[in-house]
Amino acid sequence: MSEEIKVEEKNPKKKTIFKKVNHKIKESYKKPASFWFIFCAVWGLVMEFALEALSRRSLIAAGLFVINSPLVFLYNFLIIFFTLTVGLLFRKRAFLLALISVLWITAGITNFVVLGYRITPFSAIDLLMVSDVFSMLDIYFNPFQQILLFVALGLAVVLIVIAFIKIPKVKKGNIHFIANVIVCLVSFLAVYVMTILGIKTKLISDAFANLPSAYSDYGFVYCFTNSIIDNGVSKPDNYNEDTARELYSKIVDNDQSIPVTQRPDVIIIQLESFFDINRTNDMHTDIDPIANFNKFKEEYPSGYLTVPAVGSGTANTEFEMLTGMKSKIFGAGEYPYKTVLTSTPIESLAYIFSDYGYATHAMHNNKAKFYSRDETYANMGFDSFTSLEYMIDPTFTETGWAKDEVLVSEIMKTLDSTRTKDFIFCVSVQGHGRYPKDELKCEEHVKLTRDDGDPELTNQFGYFVNQTYEMDQDIAELKQRLDDRGRPYVLVLYGDHIPALTFSDGEISVGNDDQTEYVIINNIGITKKGNDKDLTAYEFPDRLLSLMRKRKGVAELMHQKLYHEDDTSDYDYAMQFLQYDMLYGEKYIYDYIPEYKRVDMTMGLSKYKIVINDAVYNDLGLTVTGENFTPYSVVIINGKRQTTEYIDKTTIRVVSSDLKGDVESGTEIVVGQIDKDDHELSRTNKLIYENHDK
């Protein structure tokens, strides 16, 4: 027995894996500084190749990138190497290197996943869209996948905390601080110099005309890093009051008055992912899925519309169509809706039509906070915003998006809600992805076939085509109702971008992948003859106002007076100057035009505001009656939200078992419009409950 004990005591204790790793780390800390520099270089090369493979979704494509663009590959590697050398400056060296590596790989995996659902790659602006992404998880992921996602996020946080606590520090004598600082500074200078030389020699670019192409040409690491650093509009050269005076005096006329002969209602509808599948060369349908739209193109002014987005980025097309300004002047992949426009007013069609006495309305059959529209629209001059939370009885696609048929009744209701003329800007959502692979998952109005017979792509494109068919029926119904109304109108229809589906090279045989189509339907005499024209989205406001013979804003005047196809340098400088000045600079523009102010925008239409008329408390619970309730109407009792059952537009109820708090005389009752993420958008009038049974 004693011998066994002695043998046991002589044997060293078995080390846990974590202790073994810690021992290896401590041993590595004793190695010279050159070891760590080599380690960072080798590991940086491995990570750069892995990130390119994830970005291109192919090891072969990543290898071709190394062969065809070795200097660009080296430049991307240098960025990673620099970030790794920063970790060498700290005593928690191993932890910092691991954390930096995890962040890069996480960004790469996120980009890989994102590209599975859309065409536009992952950029820094997506980090501002996190709340929007989480609200759509049920559309893109099944419940099991969502659970795995949250478990993975939780485990990642726990592991990072444990690693920070457990991973050892470098002993002060082994940190080689001066050598590490020198390498870190040299690597930073290498990145800085190569960036300047790369831009000057056009090896890389800091102006991304097309984000997917930029990621392909210049590498994931550079493009993603650039999207973090490059935000807003760069200050133009010679930005000062004298330059402003010289520029604006050439552009802004003192008298722009144009005799108004007609004041039609103006309705602009941005159709989600609306695209004519017949523009492809290997897909076929038994009937034309957008027959009405194509018929309208033959009768009214139309053309191709070059948009700043491919497969996603709805808000930037919207921004250009409303403002006549260029989204590409902002940072790489930036959505002005999510950044500067949440706090700063900007000239838009809404402000311009408001100056003519129009009531201005925004409308979207999706949640109000998507792309921060509930804040942005107020800074673009809209009097009201009707989002999904204020629409009565919408129907939904099998994948969870609101169908566009609700927009027809909402538009007509809006037109009838005022005594003035109306400007309505409407954004649809029915054509949005994700497009199901496993089955068609919708009513088959149109049968689609593909030359390659791919079953998953057939289902995806088949689903998409059948959504556009229904959208096409809706716009035909809207036109008919506008005609029957018998009042002058202009109805603009266009697609925001091509759908987020897999198109092979050359598959789109008519037009480009950054082109959609538009048509200007009207009954005020704007004929097709001589008025068809291909446009960019930022040219559209100028075109519309010209056809309607209405005074233009500054952006449209700049386009009219400075834009020349052979040389756009003056125009490009002027647009950068205006956008910087109006949004970030000294606002010299307001010495020449009245300053734009944020509008006190109402959520929903004032004429159809949600109100409480009465409340009855009995054995069933609390029944609240009123007007214009929707499924997003929530009863709030003494400040506490209640689980609310939607009965119809005049009745909602809180059942007894769900009541939080007592309902007695003096209880304050209001109804709030609460979106699916628990954001309160507005409240009704207060009702003080009186118990008439006592």
Side-chain angles (χ1 to χ4, degrees), residues 47-48 50-52 54-57 65 69 72-73 75-83 86 100-133 188 191-192 194-196 198-199 202-235 307-317 319-320 325-342 371-372 497 500 514 576 579-580 583-584:
M47 275 207 296
E48 163 57 9
L51 290 171
E52 292 303 332
L54 288 167
S55 180
R56 295 159 203 280
R57 304 175 72 83
F65 176 63
S69 304
V72 178
F73 179 84
Y75 172 62
N76 279 265
F77 152 72
L78 282 174
I79 295 173
I80 295 177
F81 179 73
F82 163 66
T83 62
V86 172
I100 291 166
S101 301
V102 167
L103 291 175
W104 276 120
I105 295 300
T106 300
I109 293 172
T110 302
N111 185 49
F112 179 86
V113 173
V114 164
L115 289 173
Y117 297 107
R118 72 184 196 196
I119 298 171
T120 305
F122 177 58
S123 62
I125 195 67
D126 289 308
L127 300 176
L128 294 178
M129 301 283 291
V130 169
S131 61
D132 294 327
V133 170
F188 171 77
V191 171
Y192 181 75
M194 196 165 179
T195 301
I196 294 173
I199 292 172
K202 298 185 178 179
L203 183 70
I204 57 174
S205 173
D206 58 353
F208 298 164
N210 181 292
L211 206 59
S213 297
Y215 273 66
S216 176
D217 294 339
Y218 312 133
F220 169 79
V221 172
Y222 165 64
C223 291
F224 182 75
T225 304
N226 190 52
S227 74
I228 297 173
I229 298 170
D230 182 17
N231 290 296
V233 178
S234 300
K235 186 176 181 179
V307 297
V310 178
S312 65
T314 293
N316 280 353
T317 300
F319 168 78
E320 294 195 355
M325 297 184 183
K326 300 172 74 171
S327 59
K328 298 300 183 186
I329 293 177
F330 290 85
E334 181 177 353
Y335 297 120
Y337 272 27
K338 294 293 293 182
T339 54
V340 65
L341 293 192
T342 60
Y371 284 119
S372 301
H497 51 68
D514 61 353
Q576 182 182 355
Q579 291 179 213
Y580 178 83
L583 295 172
Y584 303 95

In Å and rounded to the nearest 0.5 Å, what is the [atom1] to [atom2] distance from [X] to [Y]?
X      : Y      : atom1 : atom2 : result
Ile100 : Ile105 : CD1   : CD1   : 12.5 Å
Tyr371 : Thr314 : OH    : OG1   : 5.0 Å
Phe224 : Ser123 : CZ    : OG    : 7.5 Å
Glu334 : Asn316 : CD    : CG    : 8.5 Å
Asn76  : Ser69  : CG    : OG    : 10.0 Å
Leu115 : Arg56  : CG    : CZ    : 11.0 Å

Exercise for the section: Keeping the roles fixed (side chain from Asn111, backbone from Phe122), state whether a donor-acceptor pair exists under 3.5 Å. Expected result: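 Confirmed, Asn111 side chain pairs with Phe122 backbone.
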Exercise for the section: Kindly say whether Ser327 contributes a backbone atom to a donor-acceptor pair with the side chain of Glu320 at under 3.5 angstrom? Expected result: yes
How close do [X] and [Y] get, counting heavy atoms only, and between which atoms?
X      : Y      : answer
Ala315 : Tyr335 : CB-CD2, 4.5 Å
Ser372 : Lys338 : OG-NZ, 3.3 Å
Val221 : Glu48  : CG2-OE1, 3.3 Å
Gln576 : Ile329 : N-CD1, 3.8 Å
Tyr222 : Ile79  : CA-CD1, 3.8 Å

Under a 4.5 Å cut-off applied to non-hydrogen side-chain atoms, are [X] and [Y] in contact?
X      : Y      : value
Pro121 : Phe220 : no
Thr106 : Thr110 : yes
Leu51  : Ile80  : yes
Leu341 : Leu583 : yes
Val72  : Phe65  : yes
Ser205 : Ile199 : no

Problem - Aromatic ring proximity, centroids under 6.0 angstrom, Phe330 and Phe319 - result: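 Here the rings of Phe330 and Phe319 have centres that are less than 6.0 Å from each other.
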Problem - Test item: side-chain donor near acceptor, Thr195 and Tyr75, under 3.5 Å - result: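 The answer is yes; a qualifying pair exists.
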